[in-house]
Amino acid sequence: MQRYFINESLSDDHQITLPKDVAHHFVTVLRANEGDQCELVLNDHQAYQCTLIDVEHAIVQVQKQLKQNAELPLQVTLACGLPKTKDKPELIVQKGTELGVTEVIFFESDRSVSHWNNGKQSKKIARLQKIADGAAEQSHRNLIPQIKYLPNLATLLEEVQADKKVVAWEESAKQGETSRLAQMLNDSHPNEKWLAIFGPEGGLSEQEISQMKTYQVQPVGLGPRILRTETAPLYFMSAVSFATELNH
């Protein structure tokens with residue numbers, strides 16, 4: 001069943017007039033008729049099953065609240081050094097959303113080849129946010145991840161607060177460190193906020209790793225293989241899902 005996110009509260013009569021873009025997709029593109037159903041996630045982050053009762057005015061009647069919640073037990077922010085090509089941020093956002101991320105932040109790392117100047121930033125974030133919106137609907141999330149840009153690692157470390165902070169560092173894997181992430185996830189608690197930091201192509205610099213130690217960011221290995229900049233965040237999200245949702 002098609003799911004949409006709309007920024008409205010549940011009214012007393014349980015009727016909702018669909019926003020123009022949602023109405024266009026549901027009524028015009030999908031050719032919905034009276035009696036057809038969809039799912040709406042309102043601004044309380046709850047999903048509701050709805051029935052179309054007025055095609056002309058795109059009005060739906062809320063039938064019931066849906067109990068299932070597709071959100072991860074942890075609130076995960078992925079912070080990624082800007083990759084070289086535009087398709088990699090799009091992949092991270094789309095697949096990260098499907099895997100349950102709460103927020104994705106792109107920042108300019110010491111070894112970032114790509115740079116988003118002031119004119120590009122808002123357009124790029126708007127496009128990535130749209131990708132997150134669509135992926136959240138497709139994967140039946142209860143919230144839409146927020147996509148942000150920060151100019152550097154220092155700003156990221158200063159502004160983003162989390163209960164646990166980790167950095168995927170390839171040197172940890174080379175040194176044989178294989179269990180720290182598993183141990184941290186095993187010790188996690190529901191609704192904890194996690195910040196996971198990933199470097200761009202070429203990895204993070206020694207200076208950046210030293211800078212993160214000041215903020216109690218724990219270096220973790222993601223197995224013995226060296227992962228691409230777009231693969232590592234998705235590996236991490238899969239590990240979080242396995243540890244907190246499937247391994248119980």
Side-chain angles (χ1 to χ4, degrees), residues 2-7 21-22 25 41 43 45 47 69-109 111-153 155-157 159-162 165-168 193-204 220 222 227-242 244-245:
Q2 183 67 41
R3 175 169 290 200
Y4 302 102
F5 289 81
I6 63 172
N7 187 27
D21 57 337
V22 174
H25 186 266
V41 179
N43 55 15
H45 301 302
N69 187 323
E71 298 308 310
L72 282 175
L74 304 182
Q75 300 177 47
V76 179
T77 293
L78 298 177
C80 304
L82 280 180
K84 290 179 183 177
T85 59
K86 71 174 185 178
D87 59 312
K88 291 182 180 180
E90 293 178 1
L91 177 66
I92 292 169
V93 167
Q94 183 185 65
K95 303 310 178 186
T97 298
E98 292 177 20
L99 290 166
V101 73
T102 302
E103 182 179 51
V104 181
I105 299 172
F106 292 98
F107 68 96
E108 293 205 24
S109 176
R111 294 175 178 168
S112 290
V113 174
S114 177
H115 304 283
W116 293 359
N117 60 39
N118 292 336
K120 290 182 178 180
Q121 291 168 19
S122 59
K123 290 182 180 179
K124 287 184 176 291
I125 292 301
R127 170 160 176 75
L128 291 171
Q129 187 64 63
K130 188 173 182 179
I131 290 172
D133 295 352
E137 290 181 352
Q138 182 275 328
S139 56
H140 280 214
R141 294 281 303 271
N142 283 63
L143 63 83
I144 299 173
Q146 296 302 298
I147 314 302
K148 299 179 181 178
Y149 168 85
L150 291 174
N152 50 51
L153 178 63
T155 305
L156 170 73
L157 294 172
E159 292 188 2
V160 179
Q161 304 300 313
K165 304 173 185 179
V166 298
V167 54
K193 293 183 179 181
W194 279 56
L195 170 63
I197 302 172
F198 305 87
E201 297 87 351
L204 295 158
V220 296
L222 301 181
L227 304 178
R228 292 179 184 270
T229 187
E230 70 273 25
T231 308
L234 306 183
Y235 177 105
F236 178 83
M237 292 303 303
S238 299
V240 171
S241 174
F242 178 80
T244 62
E245 295 180 310

Please work out which of the three classes, parallel, tilted or perpendicular, describes the rings of W194 and F236, given edges at 30° and 60°. tilted
Strictly by modelled atom types, are T77 and E103 linked by a side-chain donor-acceptor pair under 3.5 Å? yes
Go through I144 and Q129 one step at a time and tell me if the side-chain contact (heavy atoms from CB on, under 4.5 Å) criterion holds. CA-CA 9 Å; I144 299 173; Q129 187 64 63; 3.5 Å; yes
Not counting sequence neighbours, which residues clear ring pair (Phe, Tyr, Trp, His ring centres under 6.0 Å) with F5? List them please. none
For residues I147 and F106, report the shortest heavy-atom separation together with the two atoms involved. CG2-CE1, 4.3 Å
Under the side-chain contact (heavy atoms from CB on, under 4.5 Å) rule, collect the residues that match up with Q161, sequence neighbours excluded. none
Rounded to the nearest 0.5 Å, the CD atom of Q94 sits from the CD1 atom of I131 at a distance of 7.0 Å
Give, for atom NZ of K86 and atom CG of L91, the distance between the pair rounded to the nearest 0.5 Å. 14.0 Å
First locate atom CD1 of I197, then atom CG of L204, and finally report the distance between them rounded to the nearest 0.5 Å. 8.0 Å
Tell me, with the steps shown, if L78 and M237 meet side-chain contact (heavy atoms from CB on, under 4.5 Å). CA-CA 9 Å; L78 298 177; M237 292 303 303; 3.9 Å; yes
Do you see a donor-acceptor pair shorter than 3.5 Å between the side chains of N117 and Q121? no
Taking all heavy atoms of P151 and all of E108, pick out the closest pair and write down the distance. O-CB, 3.3 Å
For the pair R141 (side chain) and T97 (backbone), establish whether a donor and an acceptor sit closer than 3.5 Å, ignoring hydrogens and angles. yes
Is the shortest side-chain N to carboxylate O distance from E201 to R228 below 4.0 Å? no
About how many Å separate CG of L153 and CZ of F107, when rounded to the nearest 0.5 Å? 5.0 Å
Would you name the heavy atoms of S114 and L82 that are closest together and state the gap between them? O-CD1, 3.7 Å
Using every non-hydrogen atom in the two residues, find where L156 and A79 come nearest and quote the distance to one decimal. CD2-CB, 3.6 Å
Tell me every residue that passes side chain to side chain donor-acceptor pair (under 3.5 Å) with S109, counting only those two or more places apart in sequence or in another chain. E208
Residues 111-131 vs salt bridge (charged side-chain N to carboxylate O under 4.0 Å, His left out), sequence neighbours excluded, gives E90-R127
Evaluate the criterion side-chain contact (heavy atoms from CB on, under 4.5 Å) for residue pair V167 and V220; output intermediate values, then yes/no. CA-CA 6 Å; V167 54; V220 296; over 6 Å; no
Does the side chain of W116 come within less than 4.5 Å of I125's, by heavy atoms? yes
Decide if atom CG of N7 counts as having more than 12 heavy atoms of other residues, nucleotides or ligands within a radius under 6.0 Å. no
Looking just at side-chain N and O atoms, do E245 and S241 make a donor-acceptor pair shorter than 3.5 Å? yes
Any heavy-atom pair between the side chains of C80 and P89 that's under 4.5 Å? no
Please check this pair: side chain of Q2 against backbone of E137, looking for a donor-acceptor N/O pair closer than 3.5 Å. no
Any donor-acceptor N/O pair, T102 side chain to V76 backbone, under 3.5 Å: yes
Heavy-atom closest pair (V240 atom, T244 atom, distance to 0.1 Å) is O-OG1, 2.6 Å
May I ask you to test the S112-P200 pair for a side-chain heavy-atom distance under 4.5 Å? yes
Return the minimal non-hydrogen interatomic distance between P233 and T229, and the atom names on each side. CD-O, 3.1 Å
Go through the structure and list residues passing ring pair (Phe, Tyr, Trp, His ring centres under 6.0 Å) with H45, not counting sequence neighbours. none
Under the side-chain contact (heavy atoms from CB on, under 4.5 Å) test, residues paired with S238 that sit two or more places apart: L99
Flag the pair V41 / I6 as yes when at least one side-chain heavy-atom distance between them is below 4.5 Å, and no otherwise. no
Intermediate values then yes/no, side-chain contact (heavy atoms from CB on, under 4.5 Å), Y235 and F198: CA-CA 11 Å; Y235 177 105; F198 305 87; over 6 Å; no
So with a 6.0 Å cut-off around NZ of K88, is the heavy-atom count from everything else above 12? yes
